[in-house]
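Everything on this sheet refers to the single structure shown next.
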Amino acid sequence: AREMMRRAQDLTKSGRIRQGLAVLDEMVQMGLQPSIYCINILLATLTNLRKVEEAEALLDRMPTLNIEPDLITFTTLMKAYALDGQLDKASKLLAELGLSGLKADLTAWNTLVHAMASNGMMNEAASIFEKMRASGLEPDVVSYSTLIGGWARVGRMDMALQVLADMKERGVEPNGVSYANLLKGWCKKGDLEKAEGIMDELKQREGIEEESIGYCYAILVNGYVESGNLERAVELFDEVLARDANQHDAMYSTIIKGFTRAKRMEEAQGLVDKLKATGRPINPWIFNTLLNGWFLNGQPDMALELVETMKKEGVHPDQITNNTLIKGLSMNQRMDDALVFFEQMKADKTVDVRTYTTLITAYTKSGDTARAQELYAEMAQFGIKPD
RNA sequence: AGAUUGUAGUAUUGCUU
């Protein structure tokens, strides 16, 4: 049974979901009983792939597999619904745990708070937070950090800071994530001075892991890039690299993004060359960032050349690479070239809603609404829902 | 007994803002 579950997981993870789930049927025929542990792993895999319908179907099948869903099962599915924006269903799952003889724990409550917060529903998030407390559970650092992140996300830094004060008062120590969420909020607002202030407080605090500090710096550097202060970003870039090797790839892609936006392609290219010289494999994010940069700067031929170079270096184009190519080529009046990549993606079954939106937008802008309509109709054939 | 099972924070692609 273990062997078969492993096979099911491998198939599912690699995107062959049908075949993966079919293994369960085989098991039933052979009289083997899958464990709840393994089913939950499958469910988490589907959730992380955003395959909500498949996750839902798996839950529905559990009775025929003679398995009782447990709290982890339901929490995983709540997350799946949240990622899909189906907040009513997520709430209902928690509310109906009792029907299965289960009771929500801190993780389940936190998942639901996050479901609301990540979808901008902060009144709901706060109300669920209170219900959790009323049920006798003490909110932990995750609960508070989730609320901070939610308020920051909707631009209510006053509320985010209030939550920070609340947690301190209640004796829950803020951690790196609590501060990262605040930083992100200030960066999003473009208030880098306030962000620096948070950074100072973070550095003075005892017990914050070095790894979290590096993570926070990465947020700050990106904030400077987004606000157009490339010089300060570059200054911090070296500091961060010296401080935390984990941030290496994120730092490079962030700074390369900055250079490409500032039309400083020589410097962007220079950083990639520097990485190549180390002989270590280049992170696809870095490569994709530079690729997009060539298109932004109106140099589609440089972009195509880059793709060839990277292939030779053993970096293979992924879905984002192809979407970047399709967008870049179509916005540089190279529709025919874009369609070559589009056909390739369809053959690989890697097209997604962005691929279609890109092309539909391009055709609409060029006045070819008939082609746009066609593509819209075609999406459904690939099981892609318009958003 | 064992096993990669659920919750919060960075970088690249579309539309919206």
Side-chain angles (χ1 to χ4, degrees), chain A residues 2 5-6 9-10 13 35-45 47-48 70-80 82 104-115 117-118 140-150 152-153 175-185 187 211-212 214-223 225-226 240 244 246-258 260 283-293 295-296 318-328 330-331 352-362 364 386-387:
Chain A
R2 270 249 287 283
M5 286 308 297
R6 174 156 306 196
Q9 280 159 38
D10 288 344
K13 231 182 234 170
S35 70
I36 181 64
Y37 183 90
C38 291
I39 292 288
N40 284 342
I41 293 177
L42 271 180
L43 207 59
T45 307
T47 298
N48 292 329
D70 64 8
L71 188 53
I72 294 183
T73 314
F74 287 116
T75 307
T76 307
L77 204 67
M78 280 173 48
K79 182 185 172 187
D105 65 2
L106 202 51
T107 300
W109 282 108
N110 285 344
T111 302
L112 193 58
V113 173
H114 182 251
S118 62
D140 66 356
V141 64
V142 173
S143 325
Y144 284 104
S145 299
T146 303
L147 281 186
I148 291 174
R153 193 181 168 282
N175 64 12
V177 179
S178 321
Y179 286 101
N181 283 338
L182 288 167
L183 266 172
K184 225 186 144 178
C187 287
E211 206 175 90
S212 287
Y215 207 103
C216 286
Y217 268 113
I219 295 173
L220 188 63
V221 172
N222 189 56
V225 166
E226 291 292 337
V240 179
D244 187 350
N246 292 324
Q247 295 306 326
H248 181 273
D249 289 351
M251 276 301 97
Y252 267 85
S253 56
T254 302
I255 293 292
I256 289 170
K257 174 176 73 171
T260 65
N283 181 325
W285 289 52
I286 295 175
F287 161 53
N288 289 336
T289 306
L290 182 62
L291 181 70
N292 190 49
F295 285 124
L296 288 180
D318 60 11
Q319 185 192 47
I320 293 181
T321 313
N322 285 322
N323 278 342
T324 305
L325 282 164
I326 290 172
K327 184 206 73 166
S330 61
M331 74 188 226
D352 68 358
V353 65
R354 288 188 178 201
T355 320
Y356 275 99
T357 312
T358 304
L359 285 169
I360 290 172
T361 307
T364 306
D387 61 3

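Naming: A, B, ... by sequence-line order, numbering from 1 per chain.
- Between rU7(B) and Lys79(A), a contact under 4.0 Å exists linking OP1 or OP2 to a side-chain N or O.
- Side-chain N/O atoms of Tyr37(A) include one lying less than 4.0 angstrom from OP1 or OP2 on rU5(B).
- Here rU5(B) presents its P atom at 9 Å from CD1 of Ile72(A), a figure rounded to the nearest Å.
- Between Asp70(A) atom CG and Ile36(A) atom CD1 the span is 4.5 Å, to the nearest 0.5 Å.
- Using modelled atom types, one finds a donor on one side chain and an acceptor on the other under 3.5 Å when comparing Thr321(A) with Asp318(A).
- Looking at RNA chain B, no stem turns up: there is no run of 3 or more consecutive Watson-Crick or G-U wobble pairs with key distances under 3.5 Å.
- As rounded to whole Å, 15 Å separates atom C1' of rU7(B) from atom CD1 of Ile148(A).
- No aromatic stack links Phe74(A) and the base of rG6(B), using centre distance under 5.5 Å and interplanar angle under 30°.
- With hydrogens and angles disregarded, no donor-acceptor distance shorter than 3.5 Å links the side chain of Asp249(A) to the backbone of Tyr252(A).
- For the atom pair Arg354(A) CZ and Asn322(A) CG, the distance stands at 14.0 Å (nearest 0.5 Å).
- Rounded to an integer number of Å, the gap from Asn48(A) CG to rU7(B) C1' is 12 Å.
- For the pair Leu42(A) CG and rG6(B) P, the computed distance is 13 Å after rounding to whole Å.
- The shortest side-chain heavy-atom distance between Leu42(A) and Met5(A) falls under the 4.5 Å cut-off.
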If the sugar-phosphate is the primed atoms plus P, OP1 and OP2 and the base is the rest, what is the B/S/- string for nucleotides 11-17 of chain B, using protein heavy atoms under 4.0 Å?
-> BBBBS--
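- Contacts of Thr76(A) with the nucleic acid, taken as non-hydrogen atoms under 4.0 Å apart, involve only primed sugar atoms and P, OP1 or OP2.
- Closest to the Asn110(A) side chain, of the nucleotides rU4(B), rU7(B), rG9(B), is rU7(B).
- Taking Asp140(A) as the reference, Leu106(A), Asn110(A), Val142(A), Ser143(A) meet the side-chain contact (heavy atoms from CB on, under 4.5 Å) condition, with sequence neighbours excluded.
- Here rA8(B) presents its C1' atom at 10 Å from OH of Tyr215(A), a figure rounded to the nearest Å.
- Once rounded to the nearest 0.5 Å, the distance linking CE of Met78(A) with OG1 of Thr47(A) reads 11.5 Å.
- Atom OG1 of Thr355(A) and atom CD1 of Ile320(A) lie 10.5 Å apart (nearest 0.5 Å).
- Note that NE2 of His114(A) and NZ of Lys79(A) are 8.5 Å apart. Values are rounded to the nearest 0.5 Å.
- Residue Asp105(A) places a side-chain atom within donor-acceptor reach of the base of rG6(B), judged by atom type and a 3.5 Å distance cut-off alone.
- Rounded to whole angstrom, the span from the CG atom of Leu71(A) across to the P atom of rU5(B) amounts to 16 Å.
- Taking atom CG of residue Leu106(A) and atom C1' of nucleotide rA8(B), one finds them 12 Å apart after rounding to whole Å.
- When distances are taken from the side chain of Ile219(A) to each of rA8(B), rG9(B), rG6(B), the shortest belongs to rG9(B).
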